[in-house]
Protein chains: 2
Amino acid sequence: MPATPRREEKLRDVSRRMIMDRAARLLVKQGYGATSLRDIARACDMKAGSLYYHFDGKDALVEEILNEGVARVESSVRAALEAAAEAPALERIRIAMQVHLATLHDRSDYGSAHIRCFAHVPADIRRRLREARARYEALWTGLLEEARDAGGIAADVDLHTLKFAVIGMMNWTLEWRGPAGVNPEELADRFFRIAMRGASND
Amino acid sequence: MPATPRREEKLRDVSRRMIMDRAARLLVKQGYGATSLRDIARACDMKAGSLYYHFDGKDALVEEILNEGVARVESSVRAALEAAAEAPALERIRIAMQVHLATLHDRSDYGSAHIRCFAHVPADIRRRLREARARYEALWTGLLEEARDAGGIAADVDLHTLKFAVIGMMNWTLEWRGPAGVNPEELADRFFRIAMRGASND
DNA sequence: ATTTCTATCTAACGATTGTTATAAAAGTTT
DNA sequence: AAACTTTTATAACAATCGTTAGATAGAAAT
């Protein structure tokens, strides 16, 4: 086998990455149906046909972006949790919320693209994405069970409902928080405060 | 002026209503970009061109549907709140959550269509829809202020954050709750339990 | 210098899109 | 029965869609 030239392999990957970055941004702004390959190509200073050198087609590109969307959020959260492996269960939940929210708003458009486009992407893509989603949700289920087993969560709170409540309030921030809003970490703390201790006064 | 014949006016309205109903369902399932006028027409046993007798075009139809989406949720919630005008502030919040969730999941596809399609609809439609959205959010702001002024909400909870947390967890149910899931009223109670008294144990 | 490989462009394909003008029904009024 | 109104169908339009095959330019390898 020939010695694999690293320089060129990098170049190829750089183009792939640029295409995915620009496409992700467009997906967030315009949605799946309204984002054409020509839109994506123009954002990359390319022509639509050239994208086929890097991807098998629109759906393959979109699937890879959306898949990387969950993957990025999950790995960020997982890394933060490993770094805080000894922290109390509730504190680990707060950290997970901070990283989830920060990844969504600061890091990249992949996570946002996933959340925004998942519902309207072709059914076969959606089916495959569900696996990655389920894995990430299982991470949260584990976190909450951990807290409950440590006695940190009230017995009459359904963990399934709690999981979706927390994920829901976080993901919904994409619908209202502008880039100039409260920073994600502070926002996560406020959500944590509400979800864990409750808003009421008694 | 001629006596307006009620029979025919009704017939015209019935067709309009049917078109909007079917279109709303398709919008929920497929999203704005992937729902064509021919899709909508087929669902109505009509041809695409015929839709132009009832609506000025795709965007006008979609805007009317999405606008009615917020309007329905708001008027349902408002009616329920008027019927419970004397109830304690926190109880009124619980009721509002129940009706919001029930309208989204049981009543019709208009509210779901609004939530699902808002982000990806053309910008000028989105701009006009924002007014109706803001009015509905103001209703929630009022509800929460009412509860805070009555001493029912902790001082260190930001009402703006709380509002979006509650709306977010409710609207996100569209992403995970199937038609066979927990009924909306019970789900609203669980959310209320979490958001108001908190999930933690201390 | 020639060949080979990589990355992009060109130009077109058939299908589908929103939209329009016009014809044809179907129903109501006179 | 004739005239008129309301509703739908027909058929086409320009534009755009995802996709493909083949040409082209530039860099790397020989």
Side-chain angles (χ1 to χ4, degrees), chain A residues 1-23 26-27 29-66 117 120-125, chain B residues 1-23 26-27 29-66 117 120-125:
Chain A
M1 62 173 73
T4 57
R6 279 178 200 168
R7 188 75 54 84
E8 291 134 27
E9 251 193 335
K10 276 266 177 67
L11 268 180
R12 170 189 283 232
D13 289 352
V14 163
S15 292
R16 262 183 78 92
R17 182 52 56 193
M18 176 193 62
I19 294 171
M20 290 177 69
D21 285 347
R22 310 270 164 95
L26 288 175
L27 285 174
K29 272 203 264 217
Q30 312 177 347
Y32 170 80
T35 302
S36 71
L37 283 182
R38 287 172 176 85
D39 286 338
I40 298 172
R42 189 177 329 110
C44 302
D45 284 311
M46 292 176 62
K47 300 294 177 164
S50 310
L51 297 174
Y52 281 80
Y53 178 75
H54 296 279
F55 300 94
D56 285 342
K58 182 185 182 183
D59 287 358
L61 168 58
V62 170
E63 177 167 353
E64 198 168 334
I65 291 172
L66 265 55
C117 298
H120 298 139
V121 114
D124 54 317
I125 297 185
Chain B
M1 60 172 78
T4 57
R6 279 180 202 168
R7 188 74 54 86
E8 291 135 28
E9 252 193 333
K10 276 265 176 67
L11 267 182
R12 169 189 284 233
D13 290 352
V14 163
S15 293
R16 263 183 77 92
R17 183 52 58 193
M18 177 194 62
I19 294 171
M20 290 177 69
D21 285 347
R22 310 269 164 98
L26 288 175
L27 285 174
K29 272 202 265 215
Q30 312 177 347
Y32 171 79
T35 302
S36 72
L37 283 181
R38 286 171 177 85
D39 285 338
I40 298 172
R42 189 176 330 110
C44 302
D45 284 312
M46 292 177 63
K47 301 292 176 164
S50 308
L51 297 174
Y52 281 80
Y53 177 75
H54 296 279
F55 300 93
D56 285 343
K58 182 185 181 182
D59 287 359
L61 168 58
V62 169
E63 176 167 354
E64 199 168 334
I65 291 173
L66 264 54
C117 298
H120 298 139
V121 115
D124 54 318
I125 297 185

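When reading the values below, keep in mind they use all heavy atoms of this one structure, side chains included, and skip hydrogens, waters and symmetry mates. Chain letters run A, B, ... following the sequence lines, proteins first and then strands; every chain starts at 1.
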#### Entry: Sugar-phosphate, base or nothing in reach of A:Gly49, heavy atoms under 4.0 Å
base
### Query
Going by heavy atoms in the side chains, are A:Arg16 and A:Phe55 under 4.5 Å from each other?
yes
### Task
Please report, rounded to the nearest Å, how far the C1' atom of C:dT6 is from the CZ atom of A:Arg16.
15 Å
### Query
In whole angstrom, what separates A:His54's NE2 from C:dC9's C1'?
13 Å
### Query
Quick one: on DNA chain C, does A:Ile19 or B:Asp59 contact a more 5' nucleotide (nearest heavy atom)?
A:Ile19
#### Entry: Value in whole Å for how far the P atom of C:dC5 lies from CZ of A:Arg12
13 Å
### Task
Using heavy atoms to find the nearest nucleotide of DNA chain C for A:Arg38 and A:Asp45 separately, return the residue whose nucleotide is more 5′.
A:Asp45
### 5' precedence on DNA chain D between A:Asp56 and A:Ala34 (nearest-nucleotide basis)
A:Ala34
### Query
Does the B:Asp39 side chain pair with the main chain of B:Ser36, one donor and one acceptor, at a distance under 3.5 Å?
yes
### Query
Checking side-chain contact (heavy atoms from CB on, under 4.5 Å) against B:Leu61, which of B:Leu27, B:Ile40, B:Leu66, B:Asp56 comes through?
B:Ile40
### Message
Once hydrogens and angles are ignored, does a donor-acceptor distance under 3.5 Å link the base of C:dA7 to the side chain of A:Ser50?
### Response
no
### Task
Provide, to the nearest angstrom, the distance between the CE atom belonging to A:Met46 and the P atom belonging to C:dC9.
5 Å
### Candidates D:dT6, D:dT19, C:dG18 - which lies nearest the side chain of B:Lys58
C:dG18
### Atom pair distance, as rounded to whole Å: CD in B:Gln30 and P in C:dT17
10 Å
### Message
Considering every strand and a 4.0 Å limit on heavy-atom distances, what is the contact class for B:Lys47: base, sugar-phosphate, or nothing?
### Response
base
#### Entry: Side chain of B:Ser36 (C-beta onward), nearest among D:dT8, C:dC9, C:dG18
C:dG18
### Task
In whole angstrom, give the distance that lies between atom OH of A:Tyr53 and atom C1' of D:dA27.
12 Å
### Verdict with reasoning, A:Val62 to A:Lys58, per side-chain contact (heavy atoms from CB on, under 4.5 Å)
CA-CA 6 Å; A:Val62 170; A:Lys58 182 185 182 183; 4.2 Å; yes
### Integer-rounded Å distance: C:dC9 P and A:Leu51 CG
9 Å
### Task
Begin from the C-alpha positions of A:Arg12 and A:Tyr53 and carry the test side-chain contact (heavy atoms from CB on, under 4.5 Å) through to its verdict.
CA-CA 10 Å; A:Arg12 170 189 283 232; A:Tyr53 178 75; 2.9 Å; yes
#### Entry: Atom-to-atom span, CG of A:Leu26 to P of D:dC17 - whole angstrom
12 Å
